[in-house]
Participant: 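Below is a structure I'd like to ask you about.
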Protein chains: 2
Amino acid sequence: MKNKRKTTIKDIANVLKITPSAVSRALNDNPRISDKTKEAVKKVALELEYQPNQLASALRSGKSNLVGIIVPKTNSYFFSTVVESIENELNKEGYNVIITQSNESYDKECRNIQTLLQTQVDGIIASLANETIDFSHYEKIKSKGIPLILYDRGENDIGVDYIGIDDYESSHLVVEHLVEQGCKRIAHLAGLSQTRIYKNRIRGYVDALEKHHLPLDTNLIKESNLTLENGREKTKELLKLPNRPDAIYAAGDYAALGALQILQENNIKVPEEIALVGFSNEPFTSLIRPTITTISQHNKEIGKLVAQQFLKRVNDKNWKPVLNKTILKAELIVRDSSKRK
Amino acid sequence: MKNKRKTTIKDIANVLKITPSAVSRALNDNPRISDKTKEAVKKVALELEYQPNQLASALRSGKSNLVGIIVPKTNSYFFSTVVESIENELNKEGYNVIITQSNESYDKECRNIQTLLQTQVDGIIASLANETIDFSHYEKIKSKGIPLILYDRGENDIGVDYIGIDDYESSHLVVEHLVEQGCKRIAHLAGLSQTRIYKNRIRGYVDALEKHHLPLDTNLIKESNLTLENGREKTKELLKLPNRPDAIYAAGDYAALGALQILQENNIKVPEEIALVGFSNEPFTSLIRPTITTISQHNKEIGKLVAQQFLKRVNDKNWKPVLNKTILKAELIVRDSSKRK
DNA sequence: TATATTTGTTCAATCGTTTGAGCAAATGTA
DNA sequence: TACATTTGCTCAAACGATTGAACAAATATA
């Protein structure tokens, strides 16, 4: 009962007294093979439980049907749904997906690329680690002529296709909404400004305040790594100000939750005394009470677009990498934490 | 500036006027190659930016260094952390991981296996879809002699290595805890009893009641698909009973959250009037107020053990599949939703 | 009927690496 | 000095599929 040698096209060829080439062509529906032979081949293939060896095929044809994805952190709702969506799209087209995570580390990201290239992936889909500020490791991908698609992070950095949401405008949506609710002192729990998306959210926040003729108070901007704990810390600081904010806009949902906890622990009514808005539409934002107003990044949509962009590139023989941004309009999901009216 | 042909061991061989075989052996640190040659080869490899072609290597050596994982649903905290942990372990050993999801569908699971086998993975790590009650598709993996490791779901079904937690005993932990808190009528929002893990939780619940001399009231057992919505529905039903429960033990955290929402909407004090326990330690259970008591499945630990088991199997030349269960003791995480004392 | 075209297949090379066998030179042993 | 062993490399055949070129037979064209 040993695992009998795998059947190959050669075995099929032997049974039918034809050559392996004919078998290969028959299986690939080559027009030069007669229907009779095709049928016979497929029948025998089934009988012998033939399983094509993708490695061999990939080696010869130069196409592995593997796509590498680099994720900063798999363990995040946003990224895991984006990946899920990419996967669904690409599986349909016969591609398999290899997921690697950088854990927000520049070194790991470099190694990921190395590994993926060795695995001869047909393309790479990546979102930059927070640490990454040098991009030379991505040049290797470009110079090999392998399609490279970025999503969420890396907008202008590498000069290839990028899909993400409009962070600048998202902040406008938030501020506008809060102003409509009657807020006048809007604080911002900002992300680290070295990451472009967070910088954009800050810019958007500042410009939106100006647009609505609200004064800019830099005491109300707290840079944070956006964890729950840090959200708590920074919120405490905000509450200590002589002139408290009447709204908090956090650039991440976990920070927003941290803020909410501190507010509730201090018996501050949300949204009546302080309104609260988060960012990312993490699942828990709709689960807790009050539900948290947040920005939806259209996770599924981003994944779908990324996959489609990849397919376009991989099928375009003489494609050259060039900066090409697809910016989705984000959506404000208004929930109880900011609904004053 | 075209993508110049990739450098191969042949190119290195040409530069050094030696043969490709020598280069291959040098790169793999074969003892029969002199240190001088090894150094020279590695230097040239670096200069020419040589990237080994894993496909070719895999084809020849019969080892792809790819491991396939089948997940019922990537978009779940439990599964995504398990996968993350498996990945970390296996990456260390030079394996790459291909993730596929069955979406709880039997058909998709079959196709996943098909795909993974074609990709010539060195092993498969799987958790069964809820739908799966026939296991013949897994026999193909076994008969090919490819290591197969199951986790969380599939305990006894396929006769291979399995790693999971002790669901039966988990229910005991929960019931015991609730009894200690003074609860006498403990309801159970149970999972679908066709899935073994849920059946075990039900068995554990029933036996634990008996152990503590509590009467079994089948009205207090509600089978559910354990979604938030369904948790709400079933909880409403429980509240309509002439004789309300004083505790609810849900076999899933989302169902527990649904229960909590209904209780709060009805101004029922948790845990004073009705205590609540969930299952899985989803992140939100510690984020909301009251925090929810739940069972931790040791996600990281499971992933680590799965990976180690795979490594053991793949390195054991004459390994034969045989049922071998590793059952972890689950941990009860007591939080506010059940703390009466 | 003679020639051109199409059809259906075979032949042989190839993708890039690994690996068993072979062989000469260097080194060890008696 | 003669023989055995070790060292360091070369040779050539794989792994399993794909693919351009070749070619005979069948069919079409003039």
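As a basis for the values below, the full set of heavy atoms in this structure was taken, side chains included, without hydrogen atoms, waters or symmetry mates.
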Participant: Compare side-chain N and O positions of Asn28(A) against OP1 and OP2 of dT18(D) and report whether any pair is under 4.0 Å apart.
Facilitator: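 Asn28(A) to dT18(D) OP1/OP2: side-chain N or O found under 4.0 Å.
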Participant: At under 4.0 Å, does any side-chain N or O of Ser21(A) touch on OP1 or OP2 of dA12(C)?
Facilitator: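 Answer is no, no contact under 4.0 Å.
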Participant: For Arg25(A) and Leu55(A), take the nucleotide of DNA chain D holding the closest heavy atom to each; which residue's nucleotide lies nearer the 5' end?
Facilitator: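 This one resolves to Leu55(A).
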Participant: Under 3.5 Å, which donor-acceptor pairs link side chains of residues 53-60 of chain A to any protein atom two or more places apart or in another chain?
Facilitator:
from, atom 1, to, atom 2, distance (Å)
Asn53(A), OD1, Leu55(A), N, 2.8
Asn53(A), OD1, Ala56(A), N, 3.2

Participant: Could you tell me whether a side-chain N or O of Asn96(A) sits under 3.5 Å from a main-chain N or O of Leu66(A), the two making a donor and an acceptor?
Facilitator: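 Side chain of Asn96(A) to backbone of Leu66(A), a donor-acceptor pair under 3.5 Å: no, none is there.
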Participant: Expressed as a whole number of angstroms, how long is the span from Asp11(A):CG to dA17(D):P?
Facilitator: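 The answer, rounded to whole Å, is 9 Å.
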Participant: Distance check needed: dT10(D) P versus Leu16(B) CG, whole Å only.
Facilitator: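 About 10 Å, once rounded to whole Å.
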Participant: Quick one: is Thr19(A) getting a side-chain N or O under 4.0 Å of the dT10(C) phosphate, OP1 or OP2?
Facilitator: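 Yes, because at least one side-chain N or O of Thr19(A) sits under 4.0 Å from OP1 or OP2 of dT10(C).
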Participant: Given dA17(D), is OP1 or OP2 found less than 4.0 Å from the side-chain N or O atoms of Ser24(A)?
Facilitator: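 Result: no.
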Participant: Do any side-chain nitrogens or oxygens of Ser34(A) fall under 4.0 Å of OP1 or OP2 in dG8(C)?
Facilitator: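 Looking at the OP1 and OP2 atoms of dG8(C), neither is under 4.0 Å from any side-chain N or O of Ser34(A).
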Participant: Quick one: Gln54(A) CD to dC15(C) C1', roughly how many Å, whole number?
Facilitator: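 Taking CD of Gln54(A) and C1' of dC15(C), I get 16 Å after rounding.
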Participant: Whether the side chain of Arg32(A) and the base of dT19(D) hold a donor-acceptor pair under 3.5 Å is what I'd like checked.
Facilitator: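 No, no donor-acceptor pair under 3.5 Å.
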Participant: Mind running salt bridge (Lys or Arg N to Asp or Glu O under 4.0 Å) on Lys43(B) and Glu39(B) for me, showing each step along the way?
Facilitator: CA-CA 6 Å; Lys43(B) 186 158 153 275; Glu39(B) 266 177 49; over 6 Å; no
Participant: Can you find a donor-acceptor pair, distance only, under 3.5 Å between Arg60(B) side chain and dT17(C) base?
Facilitator: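 No, the side chain and the base share no sub-3.5 Å donor-acceptor pair.
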Participant: Please figure out whether Ala22(B) or Ala56(B) has its closest DNA chain C nucleotide nearer the 5' end.
Facilitator: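 Residue closer to the 5' terminus by nearest nucleotide: Ala56(B).
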Participant: Once you build an axis from the first five pairs and another from the last five of the helix from dT1(C)-dA30(D) to dA30(C)-dT1(D), how far apart in angle are they, to 10 degrees?
Facilitator: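 Roughly 40°, once rounded to the nearest ten degrees.
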Participant: Mind calculating the distance between CG (Leu59(B)) and C1' (dA17(D)) to the nearest angstrom?
Facilitator: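 Taking atom C1' of dA17(D) as the reference, CG of Leu59(B) is at 8 Å.
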